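Some notes on the structure that comes next.
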4 protein chains.
Amino acid sequence: MPNPKQQTSKSQTSKKKAQVSPSPERRRELLGIAADVFAEQGYNATTVRKIADAAGMLAGSLYYHFDSKESMLEEILRTFLTELWDGYDNVLKAQLDPRETLEALVTESFREIDRHRAAVAIYQKESKHLVAQQRFQYLSDSQQRFEKAWLTTLERGVAEGVFRGDLDIRLAYRFVRDTVWVAASWYRPGGGHSPEEIARQYLSMVLDGISVRT
Amino acid sequence: MPNPKQQTSKSQTSKKKAQVSPSPERRRELLGIAADVFAEQGYNATTVRKIADAAGMLAGSLYYHFDSKESMLEEILRTFLTELWDGYDNVLKAQLDPRETLEALVTESFREIDRHRAAVAIYQKESKHLVAQQRFQYLSDSQQRFEKAWLTTLERGVAEGVFRGDLDIRLAYRFVRDTVWVAASWYRPGGGHSPEEIARQYLSMVLDGISVRT
Amino acid sequence: MPNPKQQTSKSQTSKKKAQVSPSPERRRELLGIAADVFAEQGYNATTVRKIADAAGMLAGSLYYHFDSKESMLEEILRTFLTELWDGYDNVLKAQLDPRETLEALVTESFREIDRHRAAVAIYQKESKHLVAQQRFQYLSDSQQRFEKAWLTTLERGVAEGVFRGDLDIRLAYRFVRDTVWVAASWYRPGGGHSPEEIARQYLSMVLDGISVRT
Amino acid sequence: MPNPKQQTSKSQTSKKKAQVSPSPERRRELLGIAADVFAEQGYNATTVRKIADAAGMLAGSLYYHFDSKESMLEEILRTFLTELWDGYDNVLKAQLDPRETLEALVTESFREIDRHRAAVAIYQKESKHLVAQQRFQYLSDSQQRFEKAWLTTLERGVAEGVFRGDLDIRLAYRFVRDTVWVAASWYRPGGGHSPEEIARQYLSMVLDGISVRT
DNA sequence: GATGAATGAGATTTCATTCAT
DNA sequence: TATGAATGAAATCTCATTCAT
């Protein structure tokens, strides 16, 4: 399904490395390693050498596969967003009612956190200053689509009387959004809870609150 | 009330600059500027030069006031935590019932975000890897006290039947905690809402959920 | 007098180093050293470290004064061209007849070689691939003005019957131009000949040839 | 006729690749490509990758044919000089009078420029710093023979009264030499002029000057 | 003959920090 | 208090070269 900025990943028509041919498996493998280190230590604090160490090679060797440290980051985030939107678009085009949509989006989000934990953590920490850069344009594009999808869902819910109308809708949006995504900072796949289970509990709290109904 | 690590680690005894004498106002002013830049760009991405630029001086001149970039960070975070615990301790020693305690803690938190927005943002982004360092020991101390205060409150609430007992309590803890503190990433003081107002809405969502009760 | 691209040298309004304040004497001194090394070893083969060595400092220290190796090159060439055009413009606005103009331009050229030997040598070797870069735009601007000044002079001379009309004028232009400027590759100031003396002999050859008149 | 350093230094005996066997045609082809890139971008600025790109292969593959980037350069220049001296020696052994010798040498030079444009351009730019290296010894040998051939011719001409005696002979030598060889920097084979035509015009200028005889 | 992946040395650049003035 | 100049360590990146396949 359509994902943001149909760029097929490698726009680099310029003068440098081909950056397409080198075996995609090795590439993906290395990106996975890099993502883990970025998530763990932060993008800036991660030296190319650390990534190389983790991959069992020398720092310079990474440049056979990637143009730069930044382009690794770029590819990690882009891949994540592409898959995220695959999932989201599936939900959105299903035309569910607002509450079901919200539930599906939250569940899908936790699934993405499960599959792309590192990328999500990186996204959380770095996206704010990346959006300024032309190269990461697709981040703000995605952010806008994201906001639209959630806000619309909430608004529809309010209109249909299933979500409370006495709340500042943008505040509610941020509340739900953050609530879900920060989970990436503590979530460890293979831990006690499956993504679906966490989603269920989170939804329960978000929808019904933590206080006992009287 | 006692706050974590009462100033113990100032390292003054060594060979270097006095680092205390220079007018505390200028010091505070500079720390405020530094905090803004740190919050805006991230600690690692912030060069001493950028701070100096923002302060209208040269990079080297900052070293008259502070002995390192890290010690600025340290002082910013320590100051914030000190004040945070002043507030929290006031709440805790008031011996309110669980729901009132929760409300007071949340409200107090938004007030701190209002007053120390930059420091909170920095804390959110950087604390995870700082805790490893001996120098930032007080961060984990604070974190533990923090967790204890919130968890206890929630548990008491469950025991007293005011909070739902069907939730994973640690999940609920993280839910409330994150939900409140991420606000620092988008909150702009002087914006539409006062901290108290935001607190009220957040509490309403956290306690009662966003869905209409049937 | 007007020189090409009235850019007053430092266009850098961007985010980096001020690059204007640091004492201009030291700056000029360092540029002189750099120019010598560039001329001697070629721009690419010259490492920043070699320049720093020649200046008695560490490689990194150069970056206090200059943005990059390339910006040193740029400033060296720009300074040279600015002064060159000061001289040329003086000649051109004097409205001499074609032969006097040619003599004055050649003499002025040898004076510039004498004063900016290194810059001229660099210019000879590097300008061809630099013109492609946007940053060195002024090189091609200058080249065009240069070509126009010389070609016009030659054409006027042909029209007035003082220069031969049976020659391909562009070939003659290149002949004179190259003949003069390659001298920078072997010229050593303080050697046997003053610039004026060399100019006289070159003019004699260019104007009357090396063969004995019959 | 003998040319400088008859192939002596091939270093084959060492431990490495045979480096001679692989089809000489492919070899020559690749050297032609390499020469073009060297001429275009400068030796240092040319990466092995660029050459490989131009040849439609990968960088590593070049090492099947040559044992280093430098040995390509060496072979290009040696081949050129070998052929140059074939031509020059033919002229010199013909025992022409000074003026005819000069004309023949100039014409021969333009023919070499026509056939080895890239190599000549490389020679112009790089020879100065290559002569220092033991491996390129033959460059200075050639230079010396070259200087001797030309200077002798000029001196004979002066003695016989066909070249002017009032000129600094070394200056005249450099004048003629540079005049001819810089042409390689702008000459494009297949352009308007044949080498012989350019030679004729250049000789006309060098011998008789560009001014109209009175 | 050529590829793909890597090495390792070295280049440019960045930046926290120092220190004499 | 602040400046200007420098240091030195480390970071990113480049590139000739190697080598198993």
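In this text, all values refer to a predicted model and were calculated from it rather than measured experimentally.
Side-chain contact between B:His116 and B:Tyr123 is absent, with no heavy atoms from C-beta onward closer than 4.5 Å.
Rounded to an integer number of Å, the gap from D:Asp53 CG to E:dT3 P is 11 Å. Computed from coordinates, the A:Arg49 CZ to F:dT14 C1' distance equals 18 Å when rounded to whole Å. Between the OH atom of C:Tyr64 and the P atom of F:dA6 there is a distance of 8 Å, given to the nearest Å. Per the geometry, CG belonging to B:Asp67 stands 15 Å off C1' belonging to E:dC19, to the nearest Å. Rounded to an integer number of Å, the gap from NZ of D:Lys69 to C1' of F:dC15 is 8 Å. Between A:Met72 atom CE and F:dT12 atom C1' there is a gap of 10 Å when expressed in whole angstrom units. For D:Lys50 and F:dT14, the NZ to C1' distance is 11 Å, given to the nearest whole Å.
OP1 or OP2 of E:dT14 has not a single side-chain nitrogen or oxygen of C:Tyr63 nearer than 4.0 Å. Residue D:Ser23 places at least one side-chain N or O under 4.0 Å from the OP1 or OP2 atom of E:dG1. Contact check, A:His65 against E:dG4: no side-chain N or O comes under 4.0 Å of OP1 or OP2. In this model, the phosphate group of E:dG1 is not approached by any side-chain N or O of D:Arg27 to a distance below 4.0 Å at OP1 or OP2. For the pair B:Arg26 and F:dA2, the criterion of a side-chain N or O lying under 4.0 Å from OP1 or OP2 is met.
D:Tyr43 carries D:Lys69 over the face of its six-membered ring, with the cationic atom under 6.0 Å from the centre and within 45° of the normal.
Across the interface with DNA chain F, nearest-nucleotide mapping of A:Thr46 and C:Gly60 shows C:Gly60 to be the residue nearer the 5′ end. Sequence order on DNA chain F of the closest nucleotides to A:Glu70 and B:Met57 puts B:Met57 first from the 5' end. Across the interface with DNA chain E, nearest-nucleotide mapping of B:Asn44 and D:Leu30 shows D:Leu30 to be the residue nearer the 5′ end. Closest-nucleotide positions on DNA chain E for B:Tyr43 and D:Leu58 were compared, and the one nearer the 5' end corresponds to D:Leu58.
Counting only heavy atoms from C-beta on, A:Ser68 has its side chain closest to F:dC13 among F:dT12, E:dC15, F:dC13.
If you check every strand for non-hydrogen atoms under 4.0 Å, A:Ser61 touches a base.
The distance from the CG atom of B:Leu73 to the CD1 atom of B:Ile122 is 6.5 Å, given to the nearest 0.5 Å.
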